[in-house]
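Report on the following structure.
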Amino acid sequence: MTGLRMSFAVGLLSALSACTYFPNDFERIVDQSERRYGPGIGREYKEVSLREVAAHATSYKHVDIKFTALFNRRNEQIFVPLLTTFAPESWAAFSVWPADAKLWEEQDRILNVPTLYIRKDQPDMTIVTSASRYALFEVRGHVMGDFDDRPFIQVYWIQEVEPAVYTDEGLAALNTGLAALQQKRPAVAIDKLEKALAGVWTRDARLRIHLDLATLYGERGDWDAAVLHYEGALANDPENATAKAGLEKAKVELARKQAVEAGKPQP
């Protein structure tokens, strides 16, 4: 009987080893849930700003962290296999910006962090390969090293929060519009900023665009458009003091303009 039991045990182990889902998906299948299992399960993640981690990588070395970030998909070739466990044969690198990065400003655009790594055989790898540039993600991982003052992060879990919140065309139009604004070329600034609204969807960026457009339209006496953009600014930040004051003034000027056009006497 002992030999029979041993044979049965060996056969069972062989069958389990041959299963394509074992060991990564075995627990999920057993409890019949859709929960995602992987190497990061059971860890306590510290919620952080990627901007802070990038600026002080040594302070976060060997810390489990979670953060939101904008997907870049550029400059993804940084491997230091002698100093970390990452090697291009087994790992894929990808790059991100902090979620609050103002990508139309040069000082924020250079905050790109190109040292996030995910195992090529990890299920979440499909999320990385199918994601669009400028998509907003939640990331959980472990800071493995701080070589050259960079945080080298092993990604355990990644999930898309929002699809692309920018387009390249929208950012280009925004940059050109802001440059024209500084150069005091209002017609060009209005044209480019209006086009930027079609390809920029973050609240901070749209607030900035609406406020600039409202000011430009007000300066040329187009109070209908000014009201529209002040209302657009408040849609992105309902408590914005500049937008509230601007909208009140624009409505007064619009009412005065309409009264003049209707031939009504002015006080």
Side-chain angles (χ1 to χ4, degrees), residues 36 38-86 91-119 122 124-125 127-128 131-166 168 170-171 174-175 178 200-209 236-237 239-240:
R36 293 160 58 187
I41 293 301
R43 294 177 178 267
E44 293 293 330
Y45 296 96
K46 181 178 181 179
E47 189 165 355
V48 299
S49 163
L50 182 59
R51 186 186 294 267
E52 176 69 15
V53 176
H56 304 96
T58 301
S59 300
Y60 292 92
K61 188 176 180 179
H62 303 314
V63 176
D64 293 324
I65 59 175
K66 64 178 179 180
F67 53 89
T68 51
L70 292 171
F71 200 43
N72 184 14
R73 303 194 76 156
R74 297 290 191 277
N75 190 26
E76 300 162 344
Q77 301 297 325
I78 299 178
F79 289 92
V80 190
L82 296 180
L83 299 176
T84 72
T85 60
F86 306 122
W91 298 84
F94 64 98
S95 53
V96 297
W97 289 285
D100 62 346
K102 297 177 174 63
L103 298 184
W104 60 94
E105 296 180 0
E106 182 64 25
Q107 63 183 15
D108 270 20
R109 198 168 182 86
I110 63 176
L111 290 176
N112 175 50
V113 179
T115 46
L116 277 70
Y117 302 88
I118 186 169
R119 285 195 60 89
Q122 189 171 325
D124 285 356
M125 180 64 184
I127 297 176
V128 174
S132 301
R133 195 181 192 201
Y134 306 121
L136 182 66
F137 278 93
E138 180 182 342
V139 183
R140 301 177 192 175
H142 182 79
V143 181
M144 298 289 288
D146 58 348
F147 176 72
D148 197 26
D149 294 326
R150 295 176 182 267
F152 282 68
I153 302 172
Q154 177 179 352
V155 174
Y156 290 141
W157 187 93
I158 184 169
Q159 183 66 54
E160 184 177 283
V161 178
E162 294 286 346
V165 296
Y166 296 106
D168 287 322
L171 282 175
L174 178 53
N175 288 330
L178 293 178
V200 174
W201 299 287
T202 61
R203 288 185 180 275
D204 286 344
R206 293 183 72 84
L207 174 64
R208 169 70 184 274
I209 295 169
N236 287 276
D237 181 3
E239 300 303 319
N240 187 273

(request) For N175 and R109, run side chain to side chain contact (heavy atoms under 4.5 Å, CB included): C-alpha distance rounded to whole Å, both residues' side-chain angles, the deciding distance at 0.1 Å, then the answer. (result) CA-CA 12 Å; N175 288 330; R109 198 168 182 86; 5.7 Å; no
(message) Restricting to non-hydrogen atoms, name the atom on A57 and the atom on P151 that form the minimum distance, rounded to 0.1 Å.
(response) CB-N, 3.7 Å
(message) side chain to side chain contact (heavy atoms under 4.5 Å, CB included) for L116 and F137? Distances and angles first, verdict last.
(response) CA-CA 13 Å; L116 277 70; F137 278 93; over 6 Å; no
(message) Measuring only between side-chain heavy atoms, which start at C-beta, is L70 closer than 4.5 Å to L103?
(response) yes
(message) With a 4.5 Å cut-off on side-chain heavy atoms, are D146 and Y60 touching?
(response) no
(message) Once rounded to the nearest 0.5 Å, what's the spacing between atom CZ of F147 and atom NZ of K61?
(response) 11.5 Å
(request) Identify the heavy atoms of W104 and L171 that sit nearest to each other, and give their distance. (result) N-CD2, 4.2 Å
(request) Work out which heavy atom in L50 is nearest to a heavy atom in P98; give both atom names and the distance. (result) CD2-N, 4.0 Å
(message) Nearest 0.5 Å, please: how far is CG in L111 from CZ in R51?
(response) 5.0 Å
(message) For a side chain to side chain contact (heavy atoms under 4.5 Å, CB included) check, start with the C-alpha distance between D124 and I118, then their side-chain angles and the critical distance, and finish with the verdict.
(response) CA-CA 8 Å; D124 285 356; I118 186 169; 3.9 Å; yes
(message) Less than 4.5 Å apart, side chain to side chain, heavy atoms only: is that true for Y156 and Y45?
(response) yes
(message) Run the side chain to side chain contact (heavy atoms under 4.5 Å, CB included) test on W97 and D108 for me, step by step, so that the C-alpha distance in whole Å, both residues' side-chain angles and the decisive distance to 0.1 Å come before the verdict.
(response) CA-CA 8 Å; W97 289 285; D108 270 20; over 6 Å; no
(request) Starting at CD1 of I158, measure out to CZ of F71 and round the result to the nearest 0.5 Å. (result) 6.5 Å
(message) Would you compute the distance between atom CD of Q159 and atom CD1 of I127 and round it to the nearest 0.5 angstrom?
(response) 5.0 Å
(request) Report yes if some heavy atom in the side chain of H142 is under 4.5 Å from a heavy atom in the side chain of R43; otherwise report no. (result) yes
(request) With rounding to the nearest 0.5 Å, note down the distance linking CG in L174 to CD1 in I209. (result) 4.5 Å
(request) Compare all side-chain heavy atoms of P114 with those of R150 and state whether any distance is below 4.5 angstrom. (result) yes
(message) So which atom in A164 and which in R133 form the shortest heavy-atom distance, rounded to 0.1 Å?
(response) CB-O, 3.3 Å
(message) Using 0.5 Å steps for rounding, measure from the OG1 atom of T58 to the CG atom of D149.
(response) 6.0 Å
(message) Any heavy-atom pair between the side chains of E138 and W157 that's under 4.5 Å?
(response) yes
(request) Give me the ring orientation class for Y134 and Y166: parallel if the planes are under 30° apart, tilted from 30 to 60°, perpendicular past 60°. (result) perpendicular
(request) Fit a plane to each ring of W91 and F86, take the angle between them on a 0 to 90° scale, and name the class: parallel (under 30°), tilted (30 to 60°) or perpendicular (over 60°). (result) perpendicular
(request) Please name the pair of heavy atoms, one in T202 and one in A205, separated by the smallest distance, quoted to 0.1 Å. (result) OG1-CB, 3.1 Å
(message) Do V200 and R208 have side chains that approach each other closer than 4.5 Å (heavy atoms only, starting at C-beta)?
(response) no
(message) Any non-hydrogen side-chain atom of I153 less than 4.5 Å from a side-chain atom of I65?
(response) yes
